[in-house]
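Comments concern the structure below.
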Amino acid sequence: MTRRTLALVALVVIALAALVPTVNTYVAQRQKLSELQAQVSRQEQQVEALREQVARWEDPTYVAARARERLLFAMPGETQYRLTDTSGHDVPLTEAEQAEEAAKEGEWFSVLWESVEGSSRLTPEDIPDETGSTDDDVSEQDPADTTDQDTDQ
């Protein structure tokens, strides 16, 4: 009986050794399939949102409203007024717009880092000389041309 038991245990171990990798592969593939199905679902939602946006832009009244808002277009005969504060920025009309503007500004460290990154993109032409003008401000003048100099000598 011990021989039979030993043979049976050996058979079970061999069967498990053959089945475990297959089961692991099956489980991994099911997880990957689940992730891909979720990704497809998200992308289908994005496509639907983009289709709705395209449909909105096909409506002439929507296009006119966006042009009036973003580009400050006015209909013939209309007079537009823009309110600005002392800094010259537009005055937000609602609390929601004020909250949106504050969210755009970001945290202080984000603003600081953007400033550091922006300064690292300067070229030598962007740096003002001793007079405060940049290379773009200085006109190209031939050094041999002396017509502008005083001739009182």
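- For the side-chain hydrogen bond (donor to acceptor under 3.5 Å, both in side chains) condition, the pairs that include at least one residue of residues 63-74, sequence neighbours left out, are Arg66-Glu69, Arg68-Glu78.
- Distance check, rounded to the nearest 0.5 Å: CD of Gln45 to CD of Gln43 gives 10.5 Å.
- Residue pairs that meet the side-chain hydrogen bond (donor to acceptor under 3.5 Å, both in side chains) test with at least one member in residues 49-61, sequence neighbours left out, are Asp59-Thr61.
- The CD atom of Gln46 sits 10.0 Å away from the OG atom of Ser41 when rounded to the nearest 0.5 Å.
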List the atom pairs, with distances to 0.1 Å, where a side-chain N or O of residues 13-32 and a protein N or O form a donor-acceptor pair under 3.5 Å, not counting sequence neighbours.
unit_1	atom_1	unit_2	atom_2	d
Thr22	OG1	Ala18	O	3.3
Thr25	OG1	Pro21	O	2.8

